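Quick notes on the structure that follows.
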Amino acid sequence: MLSIILSMSLFAFIGAASPGPVNIIAISSSAAFGLKRTFSHVLGASISYAVIVYGVGVGLGEVLLKFPQITHTLQYLSAAFLLYIAYKIAFAKVHLEGDEQPKEQIPSMLQGALVQGLNPKAWLVSISGVSIFVSANSPAELYLLIFTSVSFVICLIGVGIWALFGRVLSTLLKDAKYQTLFNRVMGLLLTLSVVSMFI
């Protein structure tokens, strides 16, 4: 059992820590608002991913494979939402030390959950993971609960690492010029991740 949990953890970490929309928002938010204020985004994304894994395990993945138009609709909704977030990041107001930070710009738990829920990468990784670790083992219900729990914890760690990196970067972004450049680059990277979904 331990070897399977370790394999699940490695698989989940590769999915959670690889670059993607959730992680770009985490690093950008943490650089601008700090690690503590970004935690709600990290937690929302992790809960959402665990729900996706569980949903795929109880049959949602099969529905998506049988009806690819649902996946296409999800892809377009995701693209529109992520482009909106990319715009907000790219043109966010610069915050210098001591400035009042508007709370509406800090990504919420709901936004983290939505970004993850609309993230095609999350669905593809979870479908692969369920087919490898749940469908191939018995009792499937037990392995689904274990894989869902592992996915939640590892997603929290993987996205949290990106947020931590953003916090480290914030020490270099004390100048308004560098903050503006960083915001533009993060907005561009998020836009490119959206474009990559269609290539």
Side-chain angles (χ1 to χ4, degrees), residues 9 12-53 77-122 125 148-197:
S9 300
F13 185 75
I14 291 167
S18 60
V22 171
N23 295 333
I24 292 170
I25 294 168
I27 193 173
S28 175
S29 172
S30 186
F33 306 112
L35 194 57
K36 191 175 177 183
R37 289 181 167 184
T38 302
F39 182 73
S40 59
H41 166 78
V42 175
L43 183 60
S46 302
I47 292 170
S48 181
Y49 185 63
V51 169
I52 290 168
V53 169
L77 284 172
S78 172
F81 184 66
L82 291 174
L83 287 173
Y84 165 72
I85 298 289
Y87 173 81
K88 281 182 68 173
I89 289 171
F91 296 99
K93 188 180 172 200
V94 170
H95 302 288
L96 299 175
E97 242 178 287
D99 285 354
E100 188 70 30
Q101 296 173 332
K103 287 187 178 176
E104 68 273 5
Q105 288 188 9
I106 302 168
S108 66
M109 185 183 287
L110 179 61
Q111 283 177 321
L114 278 174
V115 170
Q116 190 72 285
L118 292 172
N119 182 4
K121 182 184 105 171
V125 170
T148 301
S149 302
V150 166
S151 296
F152 169 73
V153 171
I154 298 298
C155 188
L156 206 57
I157 293 167
V159 180
I161 288 170
W162 282 78
L164 186 62
F165 188 57
R167 183 68 190 118
V168 170
L169 274 178
S170 69
T171 59
L172 305 172
L173 301 173
K174 300 209 183 282
D175 186 298
K177 179 177 62 176
Y178 293 127
Q179 269 191 44
T180 301
L181 178 62
F182 179 76
N183 289 345
R184 300 287 195 275
V185 169
M186 290 297 105
L188 178 63
L189 287 175
L190 188 52
T191 301
L192 291 174
S193 76
V194 172
V195 171
S196 73
M197 293 187 321

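These values consider heavy atoms only, across backbone and side chains, with no hydrogens, waters or symmetry-generated copies. Source: prediction; values computed, not measured.
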Return yes if some donor-acceptor pair links the side-chain N/O of S30 with the main-chain N/O of L164 below 3.5 Å, else return no.
-> no

What's the shortest heavy-atom distance between G187 and A90, and which atoms?
-> CA-CB, 4.1 Å

Go through the structure and list residues passing ring-ring contact (aromatic ring centres under 6.0 Å, His included) with Y87, not counting sequence neighbours.
-> F91

Between C155 and S46 the two heavy atoms that sit nearest each other are C-OG, 3.5 Å

Considering only distance and modelled atom types, tabulate donor-acceptor pairs under 3.5 Å from the side chains of residues 19-29, sequence neighbours left out.
| residue | atom | partner | partner atom | Å |
| --- | --- | --- | --- | --- |
| N23 | ND2 | A16 | O | 2.9 |
| N23 | ND2 | S18 | O | 2.7 |
| S29 | OG | T38 | OG1 | 2.8 |

What one should report as the nearest heavy-atom pair of S170 and A31 is CB-O, 3.3 Å

Going by the side chain to side chain contact (heavy atoms under 4.5 Å, CB included) test, name the single residue among I52, L156, V53 that passes it with S151.
-> V53

Mark yes or no for whether Q111, through its side chain, and S108, through its backbone, hold a donor-acceptor pair below 3.5 Å.
-> yes

Nearest heavy-atom neighbours spanning T191 and A86 = OG1-CB, 3.5 Å

Side chain to side chain contact (heavy atoms under 4.5 Å, CB included) against I161, all qualifying residues, sequence neighbours excluded = F13, I157

Can you tell me which residue pairs pass the side-chain hydrogen bond (donor to acceptor under 3.5 Å, both in side chains) test with a partner in residues 153-164, sequence neighbours excluded?
-> none

Using side chain to side chain contact (heavy atoms under 4.5 Å, CB included) as the criterion, list what pairs up with T180, not counting sequence neighbours.
-> V94, R184

Please list, chain by chain and in numerical order, all residues satisfying side chain to side chain contact (heavy atoms under 4.5 Å, CB included) with A50, sequence neighbours excluded.
-> T148, F152

Look up atom CD in Q116 and atom NE2 in H41, then write down how far apart they are to the nearest 0.5 Å.
-> 8.0 Å

Using atom types as modelled and distance alone, determine if a side-chain donor or acceptor of S48 lies under 3.5 Å from a backbone N or O of A45.
-> no

Indicate the atoms forming the closest heavy-atom contact of V42 with A163, along with that distance.
-> CG2-CB, 4.1 Å

What's the shortest heavy-atom distance between V194 and L82, and which atoms?
-> CG2-CB, 3.4 Å

Determine whether more than 12 heavy atoms belonging to other residues, nucleotides or ligands lie under 6.0 Å from atom CZ of F81.
-> yes

Could you tell me the separation between the CG atom of L83 and the NZ atom of K88, rounded to the nearest 0.5 Å?
-> 14.0 Å

Between atom OG1 of T171 and atom CG of L169, what is the distance when rounded to the nearest 0.5 Å?
-> 7.5 Å

